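Source: prediction; values computed, not measured. Counting convention: from 1, in listed order, for ligands and their atoms alike.
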Amino acid sequence: MAPDFTIFAGLLLAITASASPACKLTPYDPEWPSHAEWASLNSSINGQLLSTVPVASSCWNGIPFASPVNCSTVQSNWANAAWQSRFPEAIDYPIYANNSCLPPNASGYVAGRGCSIGGMPQYIVNATSEEQIATALKWAADRNIRVVVKGTGHDLNGRSSGAFALSIWTYNLRKLERHTSWRNPSTNTSEDVYIVGSGQQWGNLLDLALEQGRVVTTGQDPSVGLGGYIQGGGHGPISRTYGLAASHVLQMRVVTTEGKILVANHAQNQDLYWALRGGGPGLYGVVTEYVIRHRPAPRNVIMGNLLIAPRDDGSNHSAELSWDAAVAHLSELPDLMDAGLAGAAMMAVGESAMSFGSLNHSTTGVVINQVFWSFNSTPAAMEALVNPVLSNITRAAGGNGSITVTFTASNTGRYSSFYSAISGSEVAGGESLVSSRLLGRAELVDTPRHKQKQYLKIAMRAQNTTAGTYATIGLQGGPGVRNTREEDWGALLPAWRSAYLHFISNGAIVDCKAAGSPKRALENAARWNEAKEEMWREWSPSSGAYMNEANPYTSNFKQDFYGSNYDRLVDIKAKYDPSYSLFVLSGVGSDEWDYDLDTGRLCKGN
Ligand SMILES: Cc1cc2nc3c(=O)[nH]c(=O)nc-3n(C[C@H](O)[C@H](O)[C@H](O)COP(=O)(O)OP(=O)(O)OC[C@H]3O[C@@H](n4cnc5c(N)ncnc54)[C@H](O)[C@@H]3O)c2cc1C
Ligand SMILES: *[C@@H]1O[C@H](CO)[C@@H](O)[C@H](O)[C@H]1NC(C)=O
Ligand SMILES: *[C@@H]1O[C@H](CO)[C@@H](O)[C@H](O)[C@H]1NC(C)=O
Ligand SMILES: *[C@@H]1O[C@H](CO)[C@@H](O)[C@H](O)[C@H]1NC(C)=O
Ligand SMILES: *[C@@H]1O[C@H](CO)[C@@H](O)[C@H](O)[C@H]1NC(C)=O
Ligand SMILES: *[C@@H]1O[C@H](CO)[C@@H](O)[C@H](O)[C@H]1NC(C)=O
Ligand SMILES: *[C@@H]1O[C@H](CO)[C@@H](O)[C@H](O)[C@H]1NC(C)=O
Ligand SMILES: *[C@@H]1O[C@H](CO)[C@@H](O)[C@H](O)[C@H]1NC(C)=O
Ligand SMILES: *[C@@H]1O[C@H](CO)[C@@H](O)[C@H](O)[C@H]1NC(C)=O
Ligand SMILES: *[C@@H]1O[C@H](CO)[C@@H](O)[C@H](O)[C@H]1NC(C)=O
Ligand SMILES: *[C@@H]1O[C@H](CO)[C@@H](O)[C@H](O)[C@H]1NC(C)=O
Ligand SMILES: *[C@@H]1O[C@H](CO)[C@@H](O)[C@H](O)[C@H]1NC(C)=O
């Protein structure tokens, strides 16, 4: 007998509707839990539930929130990432929380806009135990409530906030211990490790490690947290030498949205362990603890400073040759990195170039400010590597003084002095949308120079050509990353293996006032960035981008951020978060959802 198709289809619909409802709940929905239900959640988690209090609410009259900090303190600290990281709801880029409560004169501030919860989570679990997290996660998943996870709130893509969500705030998971004979379950051998709470910040771990003659895979600023940094990959001053942060994790403890408390390593929950090492933050569960490898601290650090600028005559000729110099410089970096150098560069055009290069004339050229570092070496050794390269750069730029090149190298001493020298910008509160790419020999050496020059000019395009813009170029790939053992690789984007440079380009204007809302400002910037994204795909079709510092609106995010790991990650996501409680922008499976910053609604389908 043929099945009755109408009954069959109806049944299927009913199942789909109850298993994955179209939208996550909002307080405007009748199913939203009552105050009494929230209170009962609160008592089941030792009273650790917070109602969201925007820290900047002290700047607004007649607002029913009691911020613990007065407005002048909020204003003077707003642009500081380390300060923002201390508050339960605060994020570094509040545009992703719809600029719902800004202090006057902050970037994106609109007079009269007021202060509301808006794009911030409704409630926050100030977690102090795994049991609290498990209870809260299951409670939210059972009720179809969106969950977000916040460590520091440093995320560039707004992934640690979300309207109408319950937030798990990990700040108080601050374990910080050395364990010199931790049993590695994959080998049964004993390992010397740090065991660290996921709410910790790298600066604290680095301080402890350096006291003990060790070094760990931090980023460039001490306030960056372990949580999202590791799960997205995590590059920093030692990644050229030792590989990325995700490759240094031997085990995680994880709480899932089904309320399970799991241990993930090479011996159990291997798929989760794999996904959490580079497969994207805020997606698979809440990590509470990491077991981390460490390395010997360098004895001394050599730093070098290289400045390449068009001759200060404002001529088209020296401007054009400065682009040739820039291409020549980038082409030399893979060899320099293989020979032992790491570092970071700023490349600037327009008024930014004038200030970077101390130019008196405006220029249509480009200025490069390159910092190099190397470990356990000497200034003379660094000069021996760099000086021949400078002749090549000068030759590429006509060889007749059209560009100026200056280079100095010196001994910075201990790693702690070096780290203080490179860190500390800790910038927050800005409105920007970057476009980035991982570049290797195929792009920097094998691509014809005239093509590279065309691509570079597009990468450096600024929407405001007078102001110009800058790019940050990290020398963070290379041998340490390439030589990472397969078992330590996890779900890192495969393109990292051949990457040398992480090129982050700015230049898009994000202007909420002009656009009318954060949603439209981001949409406009994303549309303008598409030309850069197309250029990257043409220059480096098989490469990708570092998801933690990239354009979260790129249409190509699956390939660019996850590469060939994507489909497997979708399955792991569905296994550990079947209710899809954990949505993040450009996260695995996020293309099936639409998060509307204007309405705050997170709904399935577009
Ligand atoms: C000042 C500054 C400097 C930076 N420097 C570097 C750098 O040198 N190298 C580099 O690679 N990146 C750097 N970044 C980018 C950094 O990788 C991202 O901002 C990253 O998101 C930081 O992770 P977090 O946990 O501190 O941030 P959060 O905003 O708290 O979290 C980021 C993401 O991770 C998720 N998450 C956090 N904790 C957990 C957890 N315990 N379990 C599950 N999910 C979690 C969140 O849900 C969110 O999706 C920098 C950022 C800033 C603001
Ligand atoms: C949760 O309970 C604690 C302790 O009773 C209380 O201080 C806090 O305000 C409660 N949180 C909420 C959101 O009501
Ligand atoms: C704000 O708080 C700071 C630090 O607590 C204090 O020094 C300052 O006087 C306060 N300012 C005002 C206007 O109350
Ligand atoms: C905002 O900036 C303007 C112009 O700089 C200044 O006059 C005003 O006092 C500032 N407002 C506050 C609240 O700081
Ligand atoms: C977001 O901001 C826009 C205007 O800036 C506003 O119209 C909208 O209601 C806000 N949405 C939320 C969820 O706060
Ligand atoms: C979070 O909980 C800890 C431990 O109970 C407490 O000391 C801290 O004050 C709480 N933070 C907030 C913002 O309530
Ligand atoms: C490690 O030891 C456990 C328990 O003794 C054993 O079951 C497991 O097979 C061992 N694993 C390896 C890789 O030797
Ligand atoms: C120099 O002038 C040529 C011809 O007008 C132009 O195509 C080129 O873009 C200019 N180069 C720079 C760097 O301004
Ligand atoms: C800019 O002008 C000042 C004053 O004339 C001069 O001292 C300086 O050397 C100039 N800078 C460059 C890069 O030529
Ligand atoms: C300089 O350029 C030449 C030609 O491209 C190349 O063969 C040589 O290796 C370069 N020298 C250095 C030190 O990079
Ligand atoms: C360098 O040479 C070019 C021709 O190749 C010439 O146009 C330019 O003026 C020269 N620049 C200097 C500073 O001599
Ligand atoms: C472009 O930048 C210049 C210089 O910084 C500034 O004066 C001008 O207002 C900007 N134009 C726009 C449209 O933002």
Checklist entry - Hey, is OH on Tyr470 packed in by over 12 heavy atoms from elsewhere, all under 6.0 Å? => result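 Not buried by this count: 12 neighbours or fewer within 6.0 Å.
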
Item to check | Asn70, CG: over 12 other non-hydrogen atoms inside 6.0 angstrom | outcome: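 Correct, the count exceeds 12.
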
Item to check | Matching residue for Asp596 among Arg601, Arg520, Lys519 - test: salt bridge (Lys or Arg N to Asp or Glu O under 4.0 Å) | outcome: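 Among the candidates, only Lys519 passes.
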
Which atoms of ligand 5 are found less than 4.0 Å from any heavy atom of [X]?
X: Gly118; answer: 14 (O)
X: Pro518; answer: 5 (O)
X: Leu597; answer: 1 (C), 11 (N), 12 (C), 13 (C)

Next on the checklist: Distance to the ring centre below 6.0 angstrom and angle to the axis at most 45 degrees; does that hold for Arg437 and Tyr455?
Outcome noted: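 No cation-pi geometry.
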
How close does the nearest protein non-hydrogen atom get to [atom], and which residue and atom is it?
atom: atom 13 (C) of ligand 8; answer: Glu320 OE1, 3.2 Å
atom: atom 12 (C) of ligand 5; answer: Asn98 ND2, 3.0 Å
atom: atom 9 (O) of ligand 12; answer: Asn464 ND2, 4.7 Å
atom: atom 14 (O) of ligand 8; answer: Thr364 OG1, 2.6 Å
atom: atom 1 (C) of ligand 8; answer: Asn316 ND2, 1.7 Å

Item to check | Salt-bridge criterion met for Glu592 and Lys604 (N-O under 4.0 Å) | outcome: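 So Glu592 pairs with Lys604 through a salt bridge.
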
Next on the checklist: Check Glu431 with Lys513, please: is the shortest side-chain N to carboxylate O separation under 4.0 Å?
Outcome noted: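 Looking at Glu431 together with Lys513, the answer is no, because their closest N to O distance does not fall below 4.0 Å.
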
Checklist entry - Protein heavy-atom contact under 4.0 Å for atom 7 (O) of ligand 5? => result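 Given the 4.0 Å limit, the answer for atom 7 (O) of ligand 5 is no, no protein heavy atom qualifies.
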
Next on the checklist: Would you say atom 4 (C) of ligand 8 makes contact with the protein, given that contact here means a non-hydrogen protein atom less than 4.0 Å away?
Outcome noted: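 Within 4.0 Å of atom 4 (C) of ligand 8, no protein heavy atoms are found.
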
Is it the case that ligand 5 has an N or O less than 3.5 angstrom from some N or O of [X]?
X: Asp598; answer: yes
X: Thr599; answer: no
X: Ser116; answer: no

Item to check | Heavy-atom side-chain proximity of Lys453 to Asp324 below 4.5 angstrom | outcome: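 SC-SC contact between Lys453 and Asp324 confirmed.
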
Item to check | Part of Val110 with heavy atoms under 4.0 Å of ligand 5, whether side chain, backbone, both or neither | outcome: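 No part of Val110 comes within reach of ligand 5.
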
Item to check | For ligand 5, the portion of Arg113 having any non-hydrogen atom under 4.0 Å away | outcome: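 Arg113 to ligand 5: side-chain contact only, backbone stays beyond 4.0 Å.
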
Next on the checklist: Once you measure the plane-to-plane angle for Tyr580 and Phe583, does it fall in the parallel (<30°), tilted (30-60°) or perpendicular (>60°) bin?
Outcome noted: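 Judged by the thresholds at 30° and 60°, the geometry between Tyr580 and Phe583 is tilted.
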
Item to check | Backbone of Phe87 reached by a side-chain donor or acceptor of Lys150 within 3.5 Å | outcome: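 Answer holds: yes.
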
Checklist entry - Considering only the SG atoms, does Cys115 lie under 2.5 Å from Cys101? => result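 Looking at Cys101 and Cys115, their sulfur gamma atoms lie closer than 2.5 Å, so the answer is yes.
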
